[in-house]
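Below you'll find the structure, written out as structure tokens, and then a few comments.
Please read all numbers here as calculations on a predicted model, not as lab measurements.
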Amino acid sequence: MINLIKGFHDILPDQSLKWAFIVNKARNCLERFGFREIVTPIMEKTELFQRGIGRTTDIVEKEMYTFQDIGSDSLSLRPEATAGILRAVVEHSMLKREPVLKLFTIGPMFRRERPSKGRFRQFFQINAETMGDDSPLTDAETILASYTLLDDIGVGNFSLEINSVGCKNCRHLYRSALVKYLEPSLNSLCPDCQRRIETNPLRILDCKEPQCIAVSRDAPLITEFLDSSCRDHFEKVKLALTSIGVPFRLEPRLVRGLDYYTRTAFEFVHSQLGRTKALGGGGRYDSLISELGGPDVSGIGFGLGIERLAMNLPDDHADFLRNTDIFVAIIGAGPLNPGFELVSRLRRSGLSVEARYSGMSLKAQMKVADRLSAGWVVMIGDDELALGKATMRDMTTKRQFLVELDDIERVVRGEIF
RNA sequence: GAGGGCGUAGCUCAGUUGGCAGAGUACAGGGUUGUGGCCCCUGGGGUCGUGGGUUCGAGCCCCAUCGCUCUCCCCA
């Protein structure tokens, strides 16, 4: 037996309705917010991710599935969606035709991490980006879109954390101040953080090691180093969120794993999963589009993990159960072909119809009908065949009666009887 | 990358000091010759992860190996 790749997973039929529910709600919600769907490849040139996400991030350094194509290009499976979307936007000059562009995509991402609960090497993400508009109201609207999405899907027990990580200039000043503060305590930090002080000191604030938490407890905060324009932007985002009733918590230590974020950063934290397994998050990126060869405009986006959403929804919700309108029970060999034709005709009328053609006993067929939670069973045996009619059974009330074949649809739709 | 736990029926798992391979559930058939759920009966279904070792005898003990899972770092 050949089994699946570590960290990959199959979505079996008893989960797929739940997935379809999530994806349908997401599409509906994002389209209401003015986003249109874009589908980009799951593979891109490695360089795109190196330039976009940042060469020193964990994701690019050690989590990408990268291989050499026949020829010369190094290719990688996408570890996140934004870089690929922006590549397409720049490549097709979409911002020239549409200076404010709102796109979403739904699909698999790949990161070669050690898998654990709710963490996969292939995972599905819902991703939305607004480009060409750096109004704080757009930040608020993007956050509202993701918040509404979670609400529509019915995920509970989460909170929204927001922060501003400043622009390049604020970050530069802050980084120096933070390093200056941490350096005397360098030896008390965990090995990872001792390395991070060179590579990415901001991440130390997010470290969960007790000794690092202790050291960084009184560290200066990025919010104290925001210049007037970044501070003003952040204030307006918070005001806007408040004005539309989106509850949030300020989290001055929130630092996201992708280097390109500037100013607004946010994360949806589930109360049981904790911040290390966030439902999703996002932020603004001021220079990513121009770095990828596009115009010098800002963008903001978010990603939500479908597995993380699914694991926080019950499996037995009514919307996730399969719905069969009619099970046609064929009794005996004589009615086999008439029954087959009846099934086809009923399906053509838009009903969901199931039947078995293997000569099962009526009792066995009733069991199947029950398992499919069919609303009605239409029975056709020699007796019915002789009359040109069918017996209908309402599976909820057990009421049973003979009907003309042409009346079946109307009975199911509640128009007669 | 570091560290735990677990591999026995499709699924969830029990299996005592080493002594005939088990239960529940699911599936199939019957109890009802044409009627579902509840109940009762019956049945099929096993490379006990794999390889080696110890032993009269191994699911159990030893060694190796593979896999899964969970935690941490980090993210979705």
Checklist line | Any-strand Watson-Crick or G-U partner of B/A28, both distances under 3.5 Å | finding: B/U42

Check: When the P atoms of B/G24 and B/C38 are considered, how many whole Å apart are they?
Finding: 16 Å

Next item on the list: Ignoring backbone atoms, test whether A/R371 places a side-chain nitrogen or oxygen under 4.0 Å from the OP1 or OP2 oxygen of B/C27.
Entry: yes

Note to self: What's A/F124 touching, base or sugar-phosphate or nothing? Going by heavy atoms closer than 4.0 Å.
What the structure shows: nothing

Next item on the list: May I ask which nucleotide in the shown strands pairs with B/G51, Watson-Crick or G-U wobble, both distances under 3.5 Å?
Entry: B/C63

Checklist line | Reference residue A/Y147; test ring pair (Phe, Tyr, Trp, His ring centres under 6.0 Å); the match among A/F33, A/F248, A/F266, A/F158 | finding: A/F158

Check: What interatomic distance, in whole Å, is found between P of B/G3 and the corresponding atom of B/G44?
Finding: 47 Å

Next item on the list: Could you give the distance separating B/G1 and B/C56 at their P atoms, to the nearest angstrom?
Entry: 43 Å

Checklist line | Distance, C1' atom - from B/A9 to B/G5, rounded to whole angstrom | finding: 23 Å

Next item on the list: Tell me whether the OP1 or OP2 atom of B/G30 has a side-chain N or O from A/K363 closer than 4.0 Å.
Entry: no

Notebook entry, point to check: Heavy atoms under 4.0 Å, any strand shown: does A/I331 hit a base, just sugar-phosphate, or nothing?
Noted result: base

Next item on the list: Between B/G53 and B/G45, how far apart are the C1' atoms? Round to whole Å, please.
Entry: 32 Å

Next item on the list: For B/C48 versus B/G43, give the span between their P atoms, rounded off to a whole number of Å.
Entry: 23 Å

Item checked: A/R112 vs A/R308, nearer the 5' end of RNA chain B by closest nucleotide -> A/R112

Next item on the list: Kindly check if the number of other-residue, nucleotide or ligand heavy atoms within 6.0 Å of NZ (A/K236) is above 12?
Entry: no

Margin query: Roughly how many Å apart are B/G30 and B/G57, using the P atom of each and rounding to a whole number?
Written below: 47 Å

Check: With sugar-phosphate meaning primed atoms plus P, OP1 and OP2, does A/Q122 contact a base, only sugar-phosphate, or nothing at under 4.0 Å between heavy atoms?
Finding: nothing

Next item on the list: Please give the nucleotide sitting opposite B/G1 as a Watson-Crick or G-U wobble pair, both distances under 3.5 Å, or none.
Entry: B/C72

Note to self: Any salt bridge linking A/R410 with A/D407? Criterion: basic side-chain nitrogen under 4.0 Å from a carboxylate oxygen.
What the structure shows: yes

Notebook entry, point to check: Going by atom types alone, do A/D134 and A/S298 pair a side-chain donor with an acceptor below 3.5 Å?
Noted result: no

Next item on the list: Mind calculating the distance between CG (A/D370) and P (B/C27) to the nearest angstrom?
Entry: 10 Å

Note to self: For a quick test of reading the model: is some side-chain N or O of A/K277 closer than 4.0 Å to OP1 or OP2 of B/U71?
What the structure shows: yes

Next item on the list: Give A/G118 one of three labels, base, sugar-phosphate or nothing, depending on what nucleic acid heavy atoms sit under 4.0 Å from its own.
Entry: base

Margin query: By the 4.0 Å heavy-atom rule, please label A/Q365 as base, sugar-phosphate, or nothing.
Written below: nothing

Check: How is A/R256 classified with respect to the nucleic acid when contacts are heavy atoms under 4.0 Å: base, sugar-phosphate, or nothing?
Finding: sugar-phosphate

Note to self: With rounding to the closest Å, how many angstrom separate the C1' atoms on B/U8 and B/C68?
What the structure shows: 15 Å

Item checked: A/E267 (side chain) and B/A76 (base): donor-acceptor pair under 3.5 Å -> no

Next item on the list: State the pairing partner of B/A14; accept Watson-Crick or G-U wobble contacts with both distances under 3.5 Å, and report none otherwise.
Entry: none

Check: Rounded to the nearest 0.5 Å, how far apart are CD of A/E129 and CD1 of A/I289?
Finding: 8.5 Å

Next item on the list: Would you mind classifying the nucleic acid contact of A/M109 as base, sugar-phosphate or nothing, using non-hydrogen atoms under 4.0 angstrom?
Entry: nothing

Check: Hey, does the side chain of A/S116 come within less than 4.0 Å of B/U71's phosphate (OP1/OP2), counting only N and O?
Finding: yes

